[in-house]
Amino acid sequence: MNPLIPLFVMIPLAGAFLIMITGRFAVWFGRYLTTLILTVLAAFSIFSLAVTGENTAVYKVGGWEPLNGIPIGIHMVMDGFSVIVLCIINIVGVLAALYSIPYIKRYTSENYYYSLFCLMIGGMNGVVLSGDIFNIFVFLEVSAISSYALVAFGVEKNELEASFKYQVLGALASFLILLGIALIYWKTKTLNIADIREVFSTGYDRTYYLFVQILLLGGFGLKAAMIPFHAWLPDAHSSAPSPISAMLSGVFIKAVGIYVIIRLFFNMFIVTENISILITVMGTLSMAVGVFLAIGQWDIKRLLAYHSISQMGYVILSTGIGMILIARGKSPEIAALAIAGGLFHLVNHAAFKGLLFFNAGAIEYSTGTRDLQEMGGLAGSMPATHATSFIASMSISGIPPFNGFFSKLIIIIAAIMAGFYLLAALAVVVSIITLASFLKFQRYAFYNKPENKDDKKNKEVPLPMVFSMVIMGILCILLSLLAFPGIRETILEPAINILTDPLKYSSLITGS
Amino acid sequence: MIVYCLCFVLFLTGLYGVLTRRNLVKIAISLSLMECSLFLFLALIGYTEGGIAPIVDPADPVKNYVDPLPQALVLTAIVIGLATTAMLMAVIIRLYRKYGTFDIREIKELRG
Amino acid sequence: MTTIVKKTTQLMAGLVFLYGIYIIIHGHLTPGGGFAGGVIAAGSFILIILAYGSDFIRLTRKEHGSTMYENLAILIVAFLALSGLFTGACVFFLNWLPRGTTGELASAGMLPLYNIFVGIEVASSIVTIFLALVIFKEEMSE
């Protein structure tokens, strides 16, 4: 048992409450404690990524050993897939915490901000590590409630309205998830994901579980903002403070939405063709509609938020293709390729979307506006922001040699090899529209200087913000190495193996 | 079976309230109603015919108890529901202060 | 509030509080426990504040105090949970205290401790939520 596993949850939770106590006397304490906590967690997660590999570490909370082969007590599971998402959460988290140090000084009550930030990290780590559906629900709510508060952090009209909308839809999502969990428990009398899988392999009531699957897809789809459920995302992500937008868009919708969908539908339910077609259709819709909604936006953060929907569509689309191939039971290597493309795009999206929101925050910090029509000519005055946002824009549009190119290429190749030519063509078209949208962003923000504007000098943002942006930019380039053989086998391969082999996860945990 | 269906009816009643009411506080009440229906459903799942409360009697530990796990789940879910409701009410009070109304049709700064 | 309400509250609040404490410390033996008992104990505080009223500044000061208790209690719970990691077995949430005999008040190892601190946490957090909402309302009427 790896004793680090519970610390991923407990350190940020304890830190959050410690900040609440000491923040009353010393405001600086929260700032540095959050950065310290997240640096430690990022180091832990990289260490776990290095040691996990093909192994699966199971941590039995409270030392409750299985009785007659039936797991009792809560299991925390760390395998190849969860460790990748854990790395995303903690590395983007440490950069967002650093970025917050100058950015959040404009707001009052900084200690509440850092406390909620730690709480959100703890909740997300808990979702990713738990091997128990009810535990997933609990940690999801911990992170969701803190994100509601963080979206409303500015307490102005827009923020409160966005937060209200987000809370109502988030609450509906939680009820759907809870109903799904209750229905699963009713039939199987267990909550452990691996054990549920064992029960399913003895007898599986297709229509009953189709209903449960649709409930869970609705619930987690709302959290992940897939297209019929996307209404809250542009408001919430554009109203939050910029580091929180980066966390919500880059990490939150993945950790509590996409991760759980992939985990439950691959490792808990038996993959059936109709549900995988539904997931693929939702992914395609998200990909196509998201980008068309994005192209008319003039508010930078709303534009980026709509692109999040579209890019998440790529991830869902390619994992859906993988699911269809697994359900049909043929060409497992193409299924593995499709899932690899999805996971790779998941990692890449965290890097470039986090960076883009950091850039949007830097522009807002410096010019005080989020409207693209009111800014212009920032290329000279903000060189670091300009350079990093150029990297991120090219990366999200899929221009070589940045990371987005390789993941989109893998997704498109997998779609062609699986025979979905139309989807492959659509992915290319969406990528081109994304490029157009980001060229607009580049042109209006950095080059096009309006004549009637007085020549007031916008300064570059403070050093910690520049540092976070530069590190993210370097990550955007370095992550493209994941596509090459050698590195791909060590990092992506374990995750793909655990997802493609339907019985591997449950057999590794229950040991049968 | 009828009790389970009644839970579902209560759930749908709450959903109807969320979808049709225009008042922020009434939306919050409808959400609480949906939540309560789920708690009821979870508690009913653990019921076994003729079961007694799961308090272990040291003299005779093997009796026909009802399933205690859903009760623990309901307690956890109630705690979460409390936090969600408190958060929602706080935001509603703040919204009232900014807009001076509880009517959701008046609160439409964010469009597009 | 009227004298009747004030006098009844005076008589009842202590009993309600004691009942909450009873529920908390018998959490490992009977139904209830930290959360249920904490809510009952918080009820007595809320009853007193509702009956006697309080001015704005006193309320904010009370809120600071209850926030502090809440955070301290939850930190102690976290520490108790982590204390299992420092024993030989390195297990989180390990019940490493002696169990005692089933059915006695001082038994079940760590569970009464968890119940007591969770009770304090819940009581103070519910009082905090109540005070925060009251303070919002008071601020609004100014």
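Each chain gets a letter, A, B and so on, in the order the sequences are listed, and its residues count up from 1. What's counted below: heavy atoms across the whole structure, side chains too, no hydrogens, waters or symmetry copies.
- Annotation: maximal heavy-atom pairing with chain B below 4.5 Å, among A:Glu161, A:Glu141, A:Glu159, occurs at A:Glu161.
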Applying side-chain contact (heavy atoms from CB on, under 4.5 Å), run through A:Ile181 and B:Leu42 and close with a yes or a no. CA-CA 9 Å; A:Ile181 290 170; B:Leu42 259 174; over 6 Å; no
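- If you measure heavy-atom distances from B:Leu38 to chain A, the contacts under 4.5 Å come from the side chain alone.
- Ranked by non-hydrogen atom pairs under 4.5 Å with chain B, the options A:Val155, A:Asp299, A:Val142 are led by A:Val155.
- Ring geometry for B:Phe41 against A:Trp186 counts as perpendicular: the plane angle is over 60°, on a 0 to 90° scale with 30° as the lower cut.
- Inter-residue side-chain proximity for A:Phe137 and B:Ile80 is flagged as met; some heavy-atom pair is nearer than 4.5 Å.
- Shown here is B:Tyr4, whose OH atom has more than 12 heavy atoms of other residues, nucleotides or ligands within 6.0 Å.
- Using a 4.5 Å cut-off between heavy atoms, A:Ser238 does not touch chain B at all.
- Within residues 22-33 of chain B, the residues that have a heavy atom under 4.5 Å from a heavy atom of chain A are B:Leu24, B:Ile27, B:Leu31, listed by number.
- Across all non-hydrogen atoms, the minimal contact from B:Ile45 to A:Lys189 is O-NZ, 3.8 Å.
- Considering all non-hydrogen atoms of both residues, A:Lys157 and B:Tyr99 come closest at CB-OH, 3.5 Å.
- By the neighbour-count criterion of 12 heavy atoms within 6.0 Å, atom OH of B:Tyr16 is sparsely surrounded, having that number or fewer from other residues, nucleotides or ligands.
- Here the OG-CE distance, from A:Ser163 to B:Met87, works out to 5.0 Å after rounding to the nearest 0.5 Å.
- Atom-to-atom distance recorded for B:Cys7:SG and A:Leu179:CG is 10.0 Å, nearest 0.5 angstrom.
- When each of B:Ala83, B:Pro70, B:Ala77 is scored by its heavy-atom pairs under 4.5 Å with chain A, the top score falls to B:Pro70.
- At least one side-chain heavy atom of A:Leu172 sits under 4.5 Å from a side-chain heavy atom of B:Met34.
- Contacts of B:Val79 with chain A are absent, with no heavy-atom separation under 4.5 Å from either backbone or side chain.
- Heavy atoms of A:Leu191 lying under 4.5 Å from chain B belong exclusively to its side chain.
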Under the side-chain contact (heavy atoms from CB on, under 4.5 Å) criterion, do A:Tyr185 and B:Asp67 qualify, and how do the steps go? CA-CA 11 Å; A:Tyr185 182 76; B:Asp67 189 354; 2.4 Å; yes
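- Atom CD1 of B:Ile92 and atom CG of A:Leu160 lie 11.0 Å apart (nearest 0.5 Å).
- For a residue to count as touching a neighbouring chain, one of its non-hydrogen atoms must lie under 4.5 Å from one of that chain's; by this rule A:Ala162 touches chain B with backbone and side chain alike.
- Proximity to chain B involves both the backbone and the side chain of A:Phe175, based on heavy atoms less than 4.5 angstrom apart.
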Under the criterion side-chain contact (heavy atoms from CB on, under 4.5 Å), I'd like the reasoning laid out for B:Ile104 against A:Phe164: C-alpha separation, chi angles, the key distance, then a yes or no. CA-CA 10 Å; B:Ile104 202 156; A:Phe164 181 78; 4.0 Å; yes
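- For A:Glu156, the parts lying near chain B are the backbone and the side chain together; criterion is any non-hydrogen pair under 4.5 Å.
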